[in-house]
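Below is one structure, written out as structure tokens; comments come after it.
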Amino acid sequence: MITEFSKAQNQIKSGQATVKSRVEYFLKRIEEFDGELNSFITITGEEALKKAEQMDTLFSEKGEEVFEKMPLFGLVFSAKDMYLTEGVKTTAGSKLLSDFVPPYSSTVISRLTEAGAILIGKTNQDAWAHGSSGENSDFGVTKNPWDKSRVPGGSSSGAAVSVAAGFCDFAMGTDTGGSVRLPASFTNVVGLKPTYGAISRYGVIAMASSLDTMGNFAISSSDSKKIFDIVKGQDGFDQTVLDVNGAAPKTKYTIGVPKQYFSEGMDPSVERLVLDAIEKISQMGHKVVEVELPSTDYAISAYYVICPAEVSSNLGRYDGVRMGLNRDAFGDEAKRRIMLGTYVLESGYVDAYYNKAVAVRDLIKSEFEQAFSKVDLMLAPVSPTLPFKLGEKSNDPLSMYLADVYTVAINIAGVCALSVPCGFSDDLPVGLQIIGPSFGEQMVFDLA
């Protein structure tokens, strides 16, 4: 049952499986294994089974034409609990929204269900998407299925685990500074961070509005591409979204390797696996060259000024009057980011911190543009380390923030990137990051 989209749908077409039997299979796996992994906050089993029965009836009446009209027909997915889902509780991983049931669904969820996908549940996450480990959820820690003593990465922790553990065919996450790519790397699945402006943010709880992107998890790059092609594009609700096709795939690529992404402190086993993957890509006939992204060292600092500033603004609406409980229900990390963001926006400090961070953002964008004028794609590690132990960094926020050192610059630049598995060290997975220019997803998927 845990297979690529085409194989899963062929099982339905051939009669080897029904949509209902596939949903039942996933629900059984969730019941058997998720008690320990804790990847879900809400299971929508009853609704999923009802939808599956309707789809089986439709298939018996219409035959294979349903797959042409609904390209995700019969596939099962989960969604990070940042996505609004009509009639289904949406918490953002916070007890502050523990009873919030949205009156409408996000554009992404609507497009997936219209394409025939069935929602099986809402996944656990760092509260408000604040975190890199999955340990900041108000609904308990999510564990890595490869080693339950380790983190699965965050903040889209439950979404990544739901795919890695075989609880669904694919999952939707959000990526503001690495929150899809890091858990994808840590759990050995494919994870997409799309170009900013490629997919609508409408109906997704905002973290940092100028950085948030709607990504996905799958077991293959072709499946990830199929999801992206369905959910991308303008919807009339998010004015930052553009309909841009981007560069078409090529026979051979010129690929840049940023030397700043291979720095002191990287785990030697991670570096070895990533360099081995780059060497194999070179042997396939692609031209690999070194490129410079000199402001990389400042990306994490700029991110942790810009991001909290936007967090403090976006969380201001949760005052216990318009929605949710009162602000006492915020966790420590949310309070930390609200205070930091409010501080850097104060009149006495905005020039010293926020405006400088915005200038660095512009510089980083310019450097990525210069690099992509010379190369088609870039390759880099996703994380400098293997998945770390539960509790290892939870009492050291600065150390936790550095887990995103190789991912945040991509969000700041607004370009796209895909994490793909590239091997194991000590039975723990390692991801390779394929970075593309703005709206360069088709090239990224092609190389992947």
Side-chain angles (χ1 to χ4, degrees), residues 79-80 82-85 90 92 102 104-112 114 128-130 155-156 172-181 191-216 224-225 227-247 299 302-303 305-317 337 341 345 354-355 357-369 372 407-418 435-444:
K80 184 178 183 178
M82 298 289 275
Y83 287 85
L84 299 192
T85 42
T90 300
Y104 65 96
S105 291
S106 68
T107 293
V108 167
I109 298 296
S110 296
R111 287 181 173 176
L112 291 172
E114 287 166 7
W128 307 105
H130 300 167
S155 61
S156 306
M172 297 307 302
T174 63
D175 192 313
T176 304
S179 289
V180 166
R181 287 160 290 154
L192 171 69
K193 182 267 173 208
T195 302
Y196 184 85
I199 300 172
S200 173
R201 294 174 291 118
Y202 177 73
V204 184
I205 294 171
M207 178 185 169
S209 301
S210 72
L211 300 166
D212 293 344
T213 57
M214 310 301 108
N216 68 60
S224 181
K225 177 184 183 301
I227 300 161
F228 171 75
D229 287 342
I230 287 167
V231 300
K232 71 177 182 178
Q234 293 179 329
D235 64 347
F237 297 110
D238 181 352
Q239 294 185 27
T240 64
V241 179
L242 300 173
D243 287 326
V244 178
N245 290 326
Y303 176 85
V305 171
I306 295 169
C307 179
E310 296 185 15
V311 164
S312 69
S313 175
N314 281 325
L315 291 186
R317 72 197 70 173
R337 297 197 188 202
L345 290 174
Y354 182 76
N355 289 342
V358 171
V360 171
R361 182 208 286 242
D362 291 340
L363 184 60
I364 289 171
K365 283 183 176 180
S366 175
E367 289 176 0
F368 270 85
E369 288 171 1
F372 281 123
T407 56
V408 296
I410 283 81
N411 296 81
I412 289 174
V415 298
C416 61
L418 189 74
I435 307 165
S438 292
F439 301 100
E441 282 85 357
Q442 303 307 327
M443 290 195 299
V444 168

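Values in this document were obtained by computation on a predicted structure and should not be read as measured data.
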What closest approach, in Å, do [X] and [Y] show between heavy atoms, and which atom pair accounts for it?
X      : Y      : result
Arg181 : Ala417 : CD-CB, 3.9 Å
Ile199 : Pro194 : CD1-CG, 3.8 Å
Thr195 : Gly440 : OG1-N, 4.2 Å
Arg337 : Cys307 : NH1-SG, 4.2 Å
Arg361 : Ile306 : NH2-CG2, 3.1 Å
Arg201 : Asp212 : CD-O, 3.5 Å

Side-chain donor-acceptor pair under 3.5 Å between Arg111 and Ser200, yes or no?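 No, no side-chain donor-acceptor contact under 3.5 Å.
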
Would you say [X]'s side chain and [Y]'s backbone share a donor-acceptor pair under 3.5 angstrom?
X      : Y      : answer
Lys193 : Val415 : yes
Ser155 : Ser179 : no
Tyr83  : Gly173 : yes
Ser313 : Glu310 : no

In the structure I gave you, are the side-chain heavy atoms of [X] and [Y] within less than 4.5 Å of one another anywhere?
X      : Y      : value
Thr107 : Phe237 : yes
Phe368 : Ile412 : no
Ser438 : Glu369 : no
Gln442 : Asp229 : yes
Lys225 : Glu441 : no
Ile435 : Phe372 : yes

Can you check side-chain contact (heavy atoms from CB on, under 4.5 Å) on Met82 and Met172, steps first, answer last? CA-CA 10 Å; Met82 298 289 275; Met172 297 307 302; over 6 Å; no

I need the Ile109 CD1 to Tyr202 OH distance, nearest 0.5 Å.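 Nearest 0.5 Å value for the CD1-OH distance: 13.5 Å.
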
What distance separates Leu345 CG from Asn355 CG, expressed to the nearest 0.5 Å?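 Separation between the atoms: 9.0 Å.
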
Derivation of the side-chain contact (heavy atoms from CB on, under 4.5 Å) call for Val311 and Trp128: CA-CA 9 Å; Val311 164; Trp128 307 105; over 6 Å; no

Run the numbers on Val358 and Val305 for side-chain contact (heavy atoms from CB on, under 4.5 Å), then give the verdict. CA-CA 9 Å; Val358 171; Val305 171; over 6 Å; no

For Asn245, does the CG atom sit with more than 12 other heavy atoms under 6.0 Å from it, leaving out its own atoms?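 Result for CG/Asn245: open.
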
Applying side-chain hydrogen bond (donor to acceptor under 3.5 Å, both in side chains) between Asp175 and each of Thr407, Thr213, Asn411, report the one that passes.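 Considering Thr407, Thr213, Asn411, a side-chain hydrogen bond (donor to acceptor under 3.5 Å, both in side chains) with Asp175 is found only for Asn411.
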
Show the numbers, then the answer: is there a side-chain contact (heavy atoms from CB on, under 4.5 Å) between Ile205 and Leu84? CA-CA 7 Å; Ile205 294 171; Leu84 299 192; 4.1 Å; yes

Quick check on side-chain contact (heavy atoms from CB on, under 4.5 Å): which of Val180, Val204, Thr174, Thr90 does Lys80 satisfy it with?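 Passing option: Thr174.
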
